[in-house]
Amino acid sequence: MAQTTEQTTDMRHGSDAEHAHEPGFIRKYVFSFDHKVIGIQYIITGLLMALVGATLAMLIRLQLGWPDRVWPLLSQIFPKGYVSGVMTPEFYLAVVTMHGTIMVFFFMSYVLVSGFGNYLVPLQIGARDMAFPFLNMLSFWVGSISALLMISSFFVEGGAAAAGWTAYPPLSAVASAVPGSRNGQTVWLVSMAFFIASFTLSGLNIVATVFSERARGMSMWRMPLTVWSYFIASILGLLAFPALTAAAVMLILDRHTGTSFFIPIGLVVAGQHLSHTGGSPLLWQHLFWFLGHPEVYVLILPALGIACDVIPAFTRKPVFGYKLSVWCLIAVGALSMVVWGHHMFVSGMSPFTGEYFSVATLTITLPMTVFGVNMLASLWGGSIRLRVPMMFACAVLALFGSGGLGGLYLGNATADMQLTDTYFVVGHFHMMIGGVTLMATFGGLYYWYPKMFGRMMNEKLGTAHFWLTFTPFFVIFFMQHFLGIQGAPRRYYAFTAYDFLRETRLQNTIISSAAMVLISGQLLFLINFIWSLFKGRKAADNPWEATTLEWTTSSPPPHDNFGPHPLTVHRWAYEYGVPSDVGDYADQRVPKERVAVTA
Amino acid sequence: MAKQTSVIHASIVAALFAVLGIGGVVYGSRVALPGLASRHGAGIDAMLDYLLITTGVLFAVGYCALAYFIWTGARRGRIGQRLASRRTELWVSGTIGIAVALVAEGGVLAIGMPVWSEYFDATPPADAVTVEVLAQQFLWNVRYAGPDGQFGRTSSDRIDDVSNPMGMDRTDPAGRDDIITQNAITVPSGRAVRLRLRSRDMIHSFFLPHFRVKQDIVPGMTPEVIFFPTREGSFEMACTELCGLAHYRMRGFFDVVSPEAYEKWLTDQSTPPPARR
Amino acid sequence: MSLQASAAVQQANRWDGGVCPFGAGWRTVMLWWFIISDGLLFAGFLAAYGYARLSVSNWPDASQVFSLPFLTAMTVVLLASGATMTLAVEAARREEWSTCSTFILVTGLIGLAFLGLQAWEWRHLIADGARMNTNPWGAVAFGAYFFVITGFHGLHVFTGTVVLATAARRVWARRATAVGVEMVGLYWHFVEMVWVFIFTLFYLL
Amino acid sequence: MSHASRDTVSSAKPWITTGALLLLTFLMLALANASLPRALEIMALTMLMLMQVALIAGNSMRLRHAHPGILWTFVGGLLVTSVLLYVLIAPDAMRIREMVTRP
């Protein structure tokens, strides 16, 4: 295969021309090709979206915690959403829908997958940049269009989409079903199409980069778990997202051209007989969850990967069971593609597939438990430095444990019958794709902030932020599990109409109070982030004494990451607890002769 | 000095995890499901109890282990061992992983699957009370076959919000004596209930929290649920699938009454023309 | 060929970094993943179509709706374009750029012919009464799935012809590489392959 | 470019591939028009379709000459995923038909 070598040469040096001259401001910071700038752009966009999502969460919690209170101030801020100080149900549903959509797709996917993914993957595998920098930039700007579209849907006639982030038809397909289904839903679908395009471009880049751009010596078994998790998550994204694209196209057609992909015959909505015939709402659910379930792993695997890389740096010993962990990630990735039906146990699906999905889902328990045990055991016998990133990594571990245990209830068709569509589900997925990812995001930001901006974040503020984040977060979503056990259905505007839910009112007030603490606690992070940008202590190249490649270059790294000379990797990513001339660790570039390779 | 504060700090963080782990179990043990009122619900409750106990133990143990590792780790100047041997690693995570998977899968197979089959594959007993529920935004239309035991034909073309919410075919003699109520189902105790669920607009989900009955009603499909009430009383029913603005108050009542009271209720309903409640 | 690259290739294990493990550049890997992802879009549509078909009983009999000779013509045309595309790729490998550019152009023209035939087919069916939300032959979903699936495929063919036109120009100007032409070829063959699926699953079954 | 010659196939090859594809197409058309039992027809046509796909992917897209890794990526990523998607949603479609026809 001589042709290979030609391509190899091409691949390693093809993009040099771009790096040769110093780009201007716009090329450097706006339409930048540099994966580090794009990563930071993604992170900041995602954090801004999180601000929106958190505000929406606050509105939800105000409504649920104190359903009888009147909020004159909110009436002034949201004149349409609050009529004489009382939230309207249509606004509530729009807020719920947008909170879910923004948090899942525009916060978690942006910050965790696209943001950290773009920033870290090339650095950690010793590449100069992503395989295709132009595509990377395109991905960010297409994604930005999608984010702007999504936000703008609040201002269209009828308000934002109100059918939940799952957008189940017919609610999302029939304009007269709910005000948000008039125009908001169309904007939602178009925005999602842009999002998928952006995410696909980003995913292609990550996959190709990990395949082809690894530095010499960076074998697959030497890659940090973060890179592994991004690699698998990107593959999952590439495989799962197209189904939603197809479904979104069909739903748009149902809404605007009178087709009936998802709308069955003989519906009477708001007194009007619809002319649609012959579709099936279940089809949407299948196509949606075919994406939706892998999507939660797309989010959670990077979170776990980040936690796995943070922990060794603060326990001073290698991760426990590295290879096994990688195989677990692969197994989870593969299994996650074939278990989506557990979201639909009571939908009227075939009982046989129900049984299959139940058993298959619980099979995921095995690799996930092994992974969790490996994470926990990574702390075992370590010399722990409890800095802020480490505290958040422990929080990841804790929430992953409780979220995983909650998964046993929901993957189990029998228990799911009582718990599905209740607050148990809300509690569970907030622990997992809310909490694990949020804690990993914070952990990752505190950890890599010095690398990104060359300054340390304030440790005291960070500690306070940890307490004000993890504790209320745990309380809120742990209690929500038990709201679900008491039977409280999700997506309720208020729990005032039912006698059997009377006892949940106090719990809801407690949850809402904790939510206010949680959200106000994030101000500390915001202050810390901005203050440290200008006033933070200057960071050394390797402030945490970590081993992965990004710490072997300067903080922040130069445009070409590692300088002009190709680098060579000599060892795996977790050479901690070995005697070397710099301390108890050896980074991946330290040659074999200087410190023995142990694993 | 710095070491001192960091040890104290770590102890506090460790305590946090331990408190959450044990406190969580204590809190959880004090929360109860809505009082049980159906036969198959006992199976679901057994499944849930099994899960609550096993996961409760795992949860507390896991959090305490985390707390312990932080507690001891922060006091350790140098690491205990660098790498557990590959065999130890496999053994530790393999054993725990398989144990948890066994707990999960075993529980499902042993306790869960029989309930699932009982619930979905049940053939309705001959004396089951058959009731049809037609959900709409935002109420439950309920229909009984009446004395002749035959449901009249319905079709969605005939639906009219005011005069004919269920789309009854008035020309069908079988439908003359059908009993129609709204937001209320009455059944006699001691007999199985067979509900035919339909929806005329959105996806609704028929939820009887006390009976552990939950079934999505996807329009275009007619799922049936069959269950056996075990105690008399008036229970609430709710919608658990987002169906629109008033989803949160799509409330109904499910009354289980004595057979005599049921007969009386039937006669009362048959005499006057069906009226809105 | 640079020294490091040859050293890298000589490494025993292709997964050890410094070289793409699959003996292909990042472009090829990326394009294959794009093809998989894009193919899954069609898989989504076709699975939905299969689902719709299973859930209704009055799916129209394809042989009564479509004119088979016409369909055969479309298939022949598209498959022929596959051959000319392969010839273009081979010419590019031999660095016979003008031959290559000619073959690319021919492929593009055949692609346009296919689009023309498809437009004709659509017009014909629309004249017969097929619409997105109705059709005279049976299950309503038939029309919707027909237009969506063939429409998306047509869109891909159209994109393909645009790519081909660009490629032809670049090859003509001697600004193309063999790998670049090969990429174009991969995409075009992928479009051809999707047609095989659609042809069998939608038109024949 | 000495290495190019080894990989080059003679110009006749693409037409052979196309010819085989066409042959299969005609065979499929014939099968579709012959009144076979439905299950057999589906099986036969699917098999022939997969043969066509294999021809295109193997010869035209040169998967035969590519690293097996790419082949498996393609087969697993596209074909297996699609089949899983369809196989797992198909039972529900049949159930819907049952429920709709129920009086």
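First the proteins, then the strands, lettered A, B, ... as listed; each starts at 1.
In this structure, the portion of A:H286 lying under 4.5 Å from any heavy atom of chain C is its side chain and not its backbone. The contact between A:V249 and chain C is made entirely by side chain atoms (from C-beta outward), counting heavy-atom distances below 4.5 Å. Residue A:L238 touches chain C through both its backbone and its side chain, counting heavy-atom pairs closer than 4.5 Å. For A:F132, the parts lying near chain C are the backbone and the side chain together; criterion is any non-hydrogen pair under 4.5 Å. Both the backbone and the side chain of A:T277 have a heavy atom closer than 4.5 Å to some heavy atom of chain C. For A:T259, the parts lying under 4.5 angstrom from a heavy atom of chain C are both the backbone and the side chain. Using a 4.5 Å cut-off between heavy atoms, A:L135 touches chain C through its side chain atoms alone.
Around CZ of C:F70, the count of heavy atoms belonging to other residues, nucleotides or ligands within 6.0 Å exceeds 12. Within 6.0 Å of the CH2 atom in C:W172, the count of heavy atoms belonging to other residues, nucleotides or ligands does not exceed 12. Other residues, nucleotides and ligands contribute over 12 non-hydrogen atoms within 6.0 Å of the CZ atom of C:R174.
Contacts between residues 31-50 of chain C and chain A, defined by a heavy-atom separation under 4.5 Å, are made by C:W33, C:F34, C:I36, C:S37, C:L40, C:L41, C:G44, C:F45, C:A48.
Interface remark: of the candidates A:L239, A:N205, A:L287, A:L282, A:L239 forms the most heavy-atom pairs closer than 4.5 Å to chain C. The candidate with the highest count of non-hydrogen atom pairs below 4.5 Å against chain A, out of C:P21, C:A141, C:A52, is C:P21. Looking only at heavy-atom pairs under 4.5 Å with chain A, the residue among C:F152, C:Y51, C:F147 that has the most is C:Y51. When each of A:G237, A:A208, A:S260 is scored by its heavy-atom pairs under 4.5 Å with chain C, the top score falls to A:A208.
You'll find the ring centres of C:W26 and A:F211 outside the 6.0 Å limit.
Heavy atoms only, all atoms of each residue included: C:M30 and A:L204 are closest at O-CD2, 3.5 Å. In this structure, C:G25 and A:S212 approach most closely via the heavy-atom pair C-OG, 4.4 Å.
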### Task
Would you please test C:V148 and A:L253 for side-chain contact (heavy atoms from CB on, under 4.5 Å) and show each step?
CA-CA 9 Å; C:V148 167; A:L253 292 174; 3.2 Å; yes
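With values rounded to the nearest 0.5 angstrom, A:E213 atom CD is found 9.0 Å from C:C20 atom SG. If you take CE on A:M218 and CG on C:D16, they are separated by 11.5 Å, rounding to the nearest 0.5 Å.
Remark: A:S347 engages no residue in a side-chain hydrogen bond (donor to acceptor under 3.5 Å, both in side chains) (not counting sequence neighbours).
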